[in-house]
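Can you read through this structure? Questions will come right after.
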Amino acid sequence: MSVVTVQLGQCGNQVGPELLSTLCDDSGGAGRGPYSELSRERFFWEDSRGMLVARSVLVDMEPKVISQAVAKASKSGKWRYWEKAHFCQKQGSGNNWANGYCVHGPRHEEAVEDLVRREVERCDRLSGIFAVMSVAGGTGSGVGTFITQCLRDVYPNSFIVNHLTWPYGTGEVIVQNYNSVLTLSRLYQLSDALVVHENDTVHKICSRLMNIKHISVDDINKVIAHQLGSMLQPAYTADSPTHYSRNPIGELLSSLVCHPEYKLLSLCNIPQMSQTSLAYSTYTWPGLLKHLRQMLIANARMEEGIDWKVSVLPSGGERAQTRRMGFNRSLSNLLILRGKDVSSADAGAFKDPALYVSWVPPDDTFSSWTSPVPFNGYEKSATLVSNSQFLLKPLDNIVRKAWNMFVSRAYVHQYTKFGISEEDFLDSFSMLEQIISSYTHL
Amino acid sequence: MTQSVVVQVGQCGNQVGCRFWDLALREHAHVNKKGIYDEALSSFFQNVDPRRSDGAGGGAPGSRISALRARAVLVDMEEGVLSEVLQGPLRQLFSSTQLISDVSGSGNNWAVGHHSYGGVYGEQIVEQVRRAAEHCDCLQCFFIIHSMGGGTGSGLGTRVLKLLEDEFPDVCRLVTAVYPSAEDDVITSPYNSVLAMRELTEHADCVLPVENQSLVDIVSKIQHMAHSGKPGSVIKKDCTIISGQGGVSRTEKPFDAMNNIVANLLLNITSSARFEGSLNVDLNEIAMNLVPFPRLHYLVSSLTPLYTLADVNIPTRRLDQMFTDAFSKDHQLMRADPKHSLYLACALMLRGNVQLSDLRRNIERLRPALSFVQWNNEGWKTGLCSVPPVGHSHSLLALANNTCVKSSFTELRERFVKIYRKKAHLHHYLGVDGMEVGGFNEALSSLSTLIDEYSQLDSTRTAPTQDPPRLNIAT
């Protein structure tokens, strides 16, 4: 089954090619047989000369980033974008969600839908649509939300997962919190799951774990691509323990999103390090899993600086107290292990019922996928996709900052100009407060 | 790729404008070695067939340059400056229809420029702008350049601003306004400035106020550095922001150094729209991010580094110094001190060899020393453009929406009130058709309201910073 990726806006068109390169490189190793074939079928098709062509649609309101993406792909010599798969305009949305959602989106609805339809028709079977975008700018967030809405109408029965890059706490776009609030509140009703990367977290991974001194946007996107790749590449699941599962998006959603009120997914992955240290490092599965579990409960997004004092108290009478203790409670988790001796790894520690809310049946809280093929140069690699309180704090920060600004009505005139009213803002705020409240009371 | 049209009005506007065209050509010649009419060039220049008079036929982006024509309309009500342009080295950039002039000047009278000439030439100017706009693939922005103190720039310039708003409501209007110094020799300059400011407050999307005195200070500072002869501080000749070396104009005129600074401001603000970079800043993002309330759209700008030293190593220290300087009083293009006033928002637009981590490190370093308005504590907008200005390895343009502009505006108001109280020179204005005393009072109260709005925001600085109560959710 295949996945159609839709790259939206500057961020989407930078993360997208990085992800596809990672997937293509990773599936290109020798002796990988079905793993390689499946991965390629999933994200690429072959043209008449045997060249891999991405099952992607590139959308931006401004041509520069798309032409970079297209050039970068064809320069790789391994894969390319289909020459007719992109749509761009000349003038960006100017960081204004309302401009993207109310003006650019509706104006180009048909053209983008056509592009997606062509890619969908090229798939033997569609596993789902994976839309890559940021929530901060104007095009990715505004046009992206509008396009997601259109795709939901056109493909009511297909899975749609959005990958969202959340902005740095400071310093990218001043109205980023408004744009984020408007995007998240709408996508929450449209999308099947929101997979989130925060720039701040990824930036820390680059500086502390990868030891990159001058971090560029490319470095950030490489880490995101690595984590997404490990989630999207073929793996054995509990239902198909001897051959690779064919429906990555469907399996992902059935493992993690059991209730429509909870669909914020976060990713963490270990180990992560610079290429030079990689050659000198060895890891054992028990060690990796011990770290990863502590990252989960201590709400740490990387293996450095984990608080080892946080522990899971048995659920029951002490629940109120445990919440104060601040361990990160989950709704469901998916553990993906890739690499050597993967069958020997024991994921029992993730099955502890105390980690989870009591109202989800224990069988549905935890899943694990495995693959004996080492991923992206790492001999062993463990990834945790989690539907938990991981994103509660960053979400709360976005809403708090946006609300502070909204109370003084700063910048609101820029949105009303394009047809987003104060009531629309209020609706979005109350929707997100509801989500925050739901996750808080897990 | 989007295009912009420059409308330069009055003596000052045209002098600054011509420096801009010269330096823009220099910059593109530096980047574009093959003589191809590329997308970057197309943002400010048309490729035309010189044998045709309709300004077309030179080929689309991607073809060879046949002849470049500036996307500009030049307006002055005296002949001097414009005829100089027509005889000067830049003459090939403009066809004579792009130049609109009269012979008698506005006599430093805003009303003459705004009402008399506005009435006579308004339609013709708009017609020329419309023709320039028709040659654009996607017109994004008007750059209007004029001074505030004289008659033509401030009067007719702001009239054109209003006409453009009516005619092209969706195109961003960015005004570069040169404010007179307190010791200006034009006695009516406070009148002209205050009358013009009302128009700017009501009809511009963004205003970049530039004070004459700041330009003088910066030029003398650089010249002092250049002649100090200290070891280790040899300045590369073509690497100051006041130098026009490498441009097509060979001789330097007296105000060129000052005008080059303003031209550099315009080059840097548009760099990200012209060249690629990992964090693009489109021109329409500037108003979106920096203007929280429609009237408060005056942005204080600073350019760093002012010059590059001749030795080629750039230690990180010097890169960080560039960020520090951008916030210092000496580098602002207004005589104002943003560091000790309240920031509503701030944009850092970087060019050249600067990484995301350099940017983040410096924001974190500088942030504690600056005060931001309570609801926009993290009001930073950032941009990275990969092409540096000619002669530099990196540069920074900081744009601040800061309450410090208040002090300049208050000073201006005082100068206005001083002569208005005595009704001095008023009859020159009131004799012009369309100008009434009411216009003076309204302009004054518009300025006062603007100052009050800034003061009100300033007063929140001392207020306790408590988050407003959030929406409650029934659980």
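Lettering follows sequence order; numbering is per chain, from 1.
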* Given a strict heavy-atom distance threshold of 4.5 Å, which part of B/V291 is in contact with chain A: side chain, backbone, both, or neither? ->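 Both parts, heavy atoms under 4.5 Å.
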* Closest non-hydrogen atom pair, B/F293 against A/A410 -> CE2-CA, 3.6 Å
* Asked: At their closest point, which heavy atom of B/N289 faces which heavy atom of A/V175, and how far apart are they?
  ->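 Taking B/N289 first and A/V175 second, the nearest heavy atoms are OD1-N, 3.5 Å.
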* Heavy-atom pairs under 4.5 Å with chain A are the metric here; pick the option from B/L283, B/L290, B/N377 that has the most. =>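 Of the options given, most contacts go to B/L290.
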* Asked: Is there a side-chain contact between B/L356 and A/Y168, using heavy atoms and a 4.5 Å cut-off?
  ->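 Side-chain contact under 4.5 Å: yes.
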* Asked: Are A/K401 and B/D467 ion-paired here, with the side-chain N under 4.0 Å from a carboxylate O?
  ->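 A salt bridge is absent here (no side-chain N lies under 4.0 Å from a carboxylate O).
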* To do: Nearest 0.5 Å please: distance from the CZ atom of B/R360 over to the OG atom of A/S207.
  =>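 Answer rounded to 0.5 Å: 11.0 Å.
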* Asked: Can you tell if the side chain of A/R409 reaches within under 4.5 Å of the side chain of B/W375, non-hydrogen atoms only?
  -> no
* **A/D396 portion near chain B, given a 4.5 angstrom heavy-atom threshold** => both
* Structure fact -> Residues B/S278 and A/Q14: closest non-hydrogen pair is O-NE2, 3.6 Å
* Let me know if B/L139 has heavy atoms under 4.5 Å from chain A in its side chain, its backbone, both or neither. =>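 For B/L139, the contact with chain A is made by the backbone alone.
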* Kindly indicate, with the supporting measurements, whether the criterion side-chain contact (heavy atoms from CB on, under 4.5 Å) is fulfilled by A/V399 and B/R470. => CA-CA 9 Å; A/V399 175; B/R470 299 250 296 257; 3.9 Å; yes
* Contact part of B/L344 toward chain A, heavy-atom cut-off under 4.5 Å: side chain, backbone, both or neither? ->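 Contact with chain A involves the backbone of B/L344 alone.
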* Counting only heavy atoms closer than 4.5 Å, note whether A/V217 contacts chain B via side chain, backbone, both or neither. => both
* Asked: Does a sphere of radius 6.0 Å around CD in B/E276 hold more than 12 heavy atoms from other residues, nucleotides or ligands, not counting ones at 6.0 Å or beyond?
  ->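 No, the 6.0 Å shell around CD holds no more than 12 heavy atoms from other groups.
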* To do: For the residue pair B/N353 and A/H214, establish whether any side-chain heavy-atom pair is separated by less than 4.5 Å.
  => no
* Can you name the closest pair of heavy atoms from A/Q91 and B/D282 and give their distance? ->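 Distance-wise, the nearest heavy atoms are C-OD2, 4.4 Å.
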* **A/K72 NZ: over 12 foreign heavy atoms closer than 6.0 Å** => yes
* Asked: Can you say whether B/C346 sits under 4.5 Å from chain A via the side chain, the backbone, both, or neither, judging by heavy atoms?
  ->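 It is the backbone, since no side chain atom gets that close.
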* Most contacts with chain A, counted as non-hydrogen pairs under 4.5 angstrom, among B/N376, B/V281, B/L296 -> B/N376
* Nearest heavy-atom neighbours spanning A/K90 and B/C138 ->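 Smallest interatomic distance, heavy atoms only, reads CB-CB, 3.7 Å.
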* Examine whether an atom of A/K417 lies under 4.5 Å from a heavy atom of chain B, and if so say whether it belongs to the side chain, the backbone or both; otherwise answer neither. => neither
* **Heavy-atom contact with chain A under 4.5 Å, split by part of B/F372** => neither
* Spacing of CD belonging to B/Q355 relative to CG belonging to A/D219, to within rounding of 0.5 Å ->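 Taking CD in B/Q355 and CG in A/D219, the distance rounds to 8.0 Å.
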* Looking at A/M405, A/H413, A/Q89, A/E62, which one has more heavy-atom pairs under 4.5 Å with chain B than the rest? -> A/H413
* Pick whichever of A/S430, A/G94, A/S93 has the most heavy-atom pairs under 4.5 Å with chain B. =>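 The candidate making the most pairs under 4.5 Å is A/G94.
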* Asked: Does the pair A/K64 and B/N280 meet the rule for a side-chain contact (heavy atoms from CB on, under 4.5 Å), with working shown?
  -> CA-CA 9 Å; A/K64 272 179 290 196; B/N280 281 324; 3.9 Å; yes
* Asked: In terms of heavy-atom proximity below 4.5 Å to chain A, should B/A273 be classed as side chain, backbone, both, or neither?
  -> backbone
* Pairwise distance CG(B/L471) to OG(A/S437) - rounded to 0.5 angstrom ->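 Going from CG on B/L471 over to OG on A/S437, the span is 12.0 Å.
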* Minimum-distance pair of heavy atoms, taken over all atoms of A/N404 and B/P468 ->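 Reported closest heavy-atom pair: OD1-CD, 2.6 Å.
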* **Heavy-atom proximity to chain B below 4.5 Å, by part of A/Y415** =>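 Side chain of A/Y415 only, per the 4.5 Å heavy-atom cut-off to chain B.
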* To do: Sort A/I212 into side chain, backbone, both or neither according to what part of it lies under 4.5 angstrom from a heavy atom of chain B.
  =>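 For A/I212, no heavy atom lies under 4.5 Å from chain B.
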* Asked: Do the charged groups of A/E172 and B/K381 touch, with an N to O distance under 4.0 Å?
  ->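 Salt bridge: no.
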* **Proximity breakdown for B/N472 and chain A, heavy-atom pairs closer than 4.5 Å** => neither
* To do: Starting at CD1 of A/I436, measure out to CD1 of B/I473 and round the result to the nearest 0.5 Å.
  => 9.0 Å
* In Å, rounded to the nearest 0.5 Å, how long is the span from CG of A/N95 to CG of B/N284? -> 8.0 Å
